[in-house]
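First the structure, in the form of structure tokens, and then the observations on it.
Predicted model, so just to flag it, every value in this text is computed and none were measured. All chains are named by letter (A, B, ...) in the order of the sequence lines, taking the proteins before the strands, and each is independently numbered beginning at 1.
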Amino acid sequence: MGQRKLISGNHAIAEAAIRAGCRFFAGYPITPSSEIAERLAELLPQYDGIFIQMEDEIASMGAIIGASLTGKKALTATSGPGFSLKQENLGFAIMGEIPVVIVNVQRGGPSTGLPTFPGQQDLMQVRWGRHGDQEIIALVPDSIQESYEFTIKAFNLAEQYRTPVILLTDEVISQMKEQIEIPDDVEIIDREFPSVPPEEYYPFDGSKGLVPPLAPYGEGYRYHITGLAHDKTGFPSSNPKVVREQLERKLNKIRKNRDEIVDVEEFLLEDAEYAIFALGSMARVAKQVTLDLREEGIPIGLLRPLTLWPFCDKELINYAKKLKHIFVVEMNFGQIVGEVERYAGKYTKVDWYGRADGRLIPPREIKDFIKERIHEN
Amino acid sequence: MKNKFIIKINEKWCKGCNLCIEFCPKNVLELKDAKAKVVSPEDCIGCYICEYRCPDFAIEVNKVEEEVPVGSEKTNKR
Amino acid sequence: MRHEIQLVGQGGQGIRLAGAILARAFGIYDKKNIVETHLYGAAARGGLSESELVISDEEIYYVKVQNPDVLIVLSQRAYDDFSEPVKNSGVILADDFYVKNFKGDDKRLTLYPLTRIALDTTGSLIAVNVVSLGLISALYSVINVESMRKAIRDLIREKHLSKNLEAFEEGYKLGDNR
Amino acid sequence: MKTELAKKYLRLEKLPTLWCSGCGHGLILSSLLRALYLLNIEKDKVAMVSGIGCSGRTPGYVDVHTLHTTHGRAIPFATGIKLMKPEFYVLAVMGDGDCAAIGGNHFIHAARRNIDITAIVYNNGIYGMTGGQVSPTTPYGAYASTAPYGQLEEPFDIVELALGAGATFVARSSIDEIPKLDRLIADGIKHKGFSVIDVITICPITFGRRNKLGEDPMMNLRWVQDITVPMKKAKDMSKEELKGKWITGIFRDEDKPNLIDLYLELNKKLKHSMVDESSKEGVEDVRRQDET
């Protein structure tokens with residue numbers, strides 16, 4: 001049994017980052033994520049790491065990419081408006097295939113919105129906030145325990161697939177306090193070192209696998225990284241074949257490994273005829289709704305994506321074929337429902353309930369909605 | 001013993017900007033077919049200005065020591 | 001069994017600390033599942049300060065307070081804005097120094113001289129938080145008073161500890177004598 | 001010192017450069033390489049970071065750790081590298097728009113925090129790669145594709161900006177002062193703290209052509225000679241005479257604690273005083289929350 005602690009989601013993320021081996025944090029204060037920075041400002045120097053508060057979000061994102069290139073694990077944390085600012089350099093990290101972790105503690109939007117209240121309005125910004133084609137990995141915890149575990153997982157995935165990974169929480173999960181069990185053993189994945197000597201090393205060489213190793217600075221491997229389309233050496237290329245091949249590899253390293261990356265929680269689904277589809281803090285509410293409705297004799301379960309992106313299409317389709325009706329519940333005006341309809345819509349009815357006003361939607365409302373819909377059909 | 005200089009121009013890199021020609025105090029160079037060419041190497045005094053002024057790393061000036069017994073010619077430290 | 005406790009007042013009354021003490025007593029010493037949430041940052045800048053706890057032996061899925069079993073109100077605004085959802089069987093404990101106007105005859109409501117006791121025992125208004133904690137520890141059987149004392153020792157600085165413990169005991173007596 | 005020897009820092013297979021005929025950028029690169037050679041710096045200990053634009057292509061030609069980042073962001077990326085690799089020489093090469101427009105905020109903050117990075121500004125007063133739009137250092141009255149009637153705004157003085165923001169090594173030179181530029185860059189690299197070398201350079205194609213200098217590099221270079229004044233000479237000139245001129249030389253070279261050393265010191269101190277407060281984890285935060 002690990003140590004039992006009573007901490008907030010943001011502090012759990014900060015402590016898990018240290019556990020994962022993170023030794024660099026650059027950020028810019030923004031509610032409701034700032035406690036991650038505050039805690040790391042305290043912890044990092046004790047672990048021979050560096051904390052720096054940069055002049056803005058753009059700089060923070062740039063700094064963690066620079067730090068990561070030296071072979072160290074690096075983190076930044078922000079909320080909606082700051083996440084918007086990070087997009088440019090996040091795109092660079094995707095193009096340059098540089099492992100970094102970005103925490104986005106969602107608040108109500110658009111714009112400055114509701115700084116101290118939760119929202120789930122960044123789901124699509126996480127997926128498509130940058131220009132150009134790309135795959136992104138995003139994990140969504142629904143508890144402090146998961147905030148801790150998913151932070152470590154985010155670092156692992158970043159290193160394993162040489163890509164930025166987003167930990168997507170919200171004001172509720174990040175600000176609340178609950179107990180967690182700090183696991184005694186955690187799996188830590190470190191960056192793969194090139195197996196070839198410097199003269200044979202190419203940072204984007206996909207010939208030996210979809211994820212070429214990234215050599216840390218200062219080890220004799222001198223290479224070039226650019227945001228421009230490039231060939232396997234990292235130098236700019238606009239040759240259509242090279243451009244296409246490189247981009248396809250960058251997409252495929254996630255797409256072809258989606259089974260390894262994607263994870264869902266199946267809550268009371270074995271005998272379910274109905275299901276709620278919800279994530280993050282709303283999934284927690286949905287669990288209460290599921291239990292309440294079960295008590296009333298309605299055979300319902302919950303499908304909860306732990307990995308928001310890549311999307312859990314296969315898992316969803318698998319259930320959609322068996323279910324009479326799927327109810328998507330989210331704290332926005334209709335985002336993830338589009339994806340659910342896209343995959344499950346062919347096989348079953350999909351209904352949506354949600355809103356964004358800075359408050360968790362209470363279980364009663366959702367219960368009433370679901371009962372009404374079941375009754376109608 | 002008199003110093004002699006060999007000016008090498010890398011035509012692949014030369015963009016014919018004319019700067020070396022403008023700055024050469026002895027008119028050793030000339031522009032031909034949009035490339036710098038050495039026209040009077042014997043006039044070169046080894047000031048290296050052309051090499052320093054070339055934005056394209058296209059000029060290399062090397063000192064050669066002349067009139068020394070055969071078999072012991074030395075180029076400069078390179 | 002799910003229990004909901006909510007504390008509301010204004011900045012400077014140590015509301016957040018009181019919530020943290022409760023959370024620690026339940027979560028660490030009584031090994032119950034707890035979730036503590038609160039209004040914070042700019043939302044609380046208007047002077048409002050709030051902390052809410054859900055306590056249960058089972059998993060807590062809905063993390064916010066819906067119908068509190070216990071509501072402590074340390075300001076008029078707190079009473080005006082937060083008293084309505086309290087359960088019919090629940091209690092509203094109000095500070096008689098700040099809360100003067102009530103809606104009809106609210107059977108859930110009892111007034112206590114919390115601020116006065118804080119001033120008398122410690123000479124400081126801020127100790128109203130521990131006085132309140134003492135009071136509910138006496139009134140509400142779910143709370144283990146020993147765990148509360150331990151949590152206070154953990155969370156209150158050494159130099160203020162003895163005064164605060166004294167204030168806690170005064171609050172406890174206030175409930176116990178009833 | 002011969003350029004030939006400094007070529008060991010070049011990725012020879014990447015040449016010729018993509019810069020236009022007579023572009024001053026190659027001269028800055030060449031000075032930069034000679035500075036590295038002069039200091040005998042190991043290639044594996046250098047990171048060169050750039051933003052976007054013509055200057056942004058510099059790192060591609062240099063055989064060190066090179067990073068061609070997003071527009072204006074060379075300094076943030078460089079900051080991350082330097083903080084994690086204190087033993088590295090980290091160079092940020094930027095254009096004037098890169099440094100003083102889109103990256104202006106990063107520039108002044110790097111100066112303020114005195115992080116040991118060497119910033120080299122390729123200052124040609126124009127956005128060359130995108131076709132000659134005005135930049136923050138375009139001279140008042142000069143023509144550009146986005147200032148067809150002449151620039152109405154006053155230019156930024158990058159040296160003044162750096163001095164005001166707290167950079168500890170600040171110098172200006174031009175592509176007309178070649179051996180001097182080598183030394184200035186070398187001094188900047190050697191300097192512990194944020195160093196800025198503002199290099200006045202030319203863009204015959206997008207600036208010269210629009211400003212009665214033509215595309216002839218020599219004409220453009222003469223213009224540089226005309227608008228730059230060595231510090232010594234400037235001392236005897238009136239304010240009136242100095243109008244529209246850029247003074248060259250070293251403006252500041254001072255020893256001040258730099259960010260890297262301060263971090264290393266802090267980490268060392270904390271390592272020795274680390275206490276295990278895991279049993280009371282979270283306690284401090286609650287106290288703080290209540291106090292604020």
Measure the [atom1]-[atom2] distance between [X] and [Y] for me, rounded to the nearest 0.5 Å.
X: D:Leu83; Y: A:Phe25; atom1: CG; atom2: CZ; value: 13.5 Å
X: D:Leu259; Y: A:Ile50; atom1: CG; atom2: CD1; value: 7.5 Å
X: A:Ile98; Y: D:Phe77; atom1: CD1; atom2: CZ; value: 7.0 Å

Answer yes or no: are there more than 12 heavy-atom neighbours, outside [X] itself, under 6.0 Å from its atom [atom1]?
X: A:Phe51; atom1: CZ; result: yes
X: D:Lys43; atom1: NZ; result: yes
X: A:Glu219; atom1: CD; result: yes
X: D:Tyr89; atom1: OH; result: no
X: D:Phe156; atom1: CZ; result: no

In terms of heavy-atom proximity below 4.5 Å to chain A, should [X] be classed as side chain, backbone, both, or neither?
X: D:Leu266; answer: side chain
X: D:Ile108; answer: neither
X: D:Arg112; answer: neither
X: D:Ala110; answer: neither
X: D:Lys82; answer: neither

Next item on the list: Give the C-alpha distance, both sets of side-chain angles, the deciding distance and a yes or no for side chain to side chain contact (heavy atoms under 4.5 Å, CB included) between D:His106 and A:Ile58.
Entry: CA-CA 9 Å; D:His106 310 310; A:Ile58 300 166; 4.3 Å; yes
Check: So do the side chains of A:Thr226 and D:Thr66 get within less than 4.5 Å of each other, counting heavy atoms only?
Finding: no
Notebook entry, point to check: Does A:Glu55 reach the side chain of D:Arg113, with side-chain heavy atoms less than 4.5 Å apart?
Noted result: yes
Which atom names give the shortest non-hydrogen contact between [X] and [Y], and what distance separates them?
X: A:His224; Y: D:Leu67; answer: ND1-N, 4.3 Å
X: A:Arg222; Y: D:Val64; answer: CD-CA, 3.5 Å
X: A:Tyr217; Y: D:Lys85; answer: O-CE, 3.3 Å
X: A:Phe92; Y: D:Thr69; answer: CE1-CA, 3.5 Å
X: A:Pro45; Y: D:Leu270; answer: CB-CD1, 3.2 Å
X: A:Phe235; Y: D:Arg11; answer: CZ-NH1, 3.3 Å

Report the option among [options] that has the most heavy-atom pairs separated by less than 4.5 Å from atoms of chain D.
options: A:Ile65, A:Ile52, A:Ile64, A:Leu69; value: A:Ile52
options: A:Ser60, A:Ala26, A:Ala67; value: A:Ala67
options: A:Met61, A:Lys72, A:Glu88; value: A:Glu88

Checklist line | chain A interface, residue from D:Gly103, D:Ser50, D:Gly60 that has the most non-hydrogen pairs under 4.5 Å | finding: D:Gly60
Margin query: In terms of relative ring orientation, are A:Tyr223 and D:His65 parallel, tilted or perpendicular, with 30° and 60° separating the classes?
Written below: perpendicular
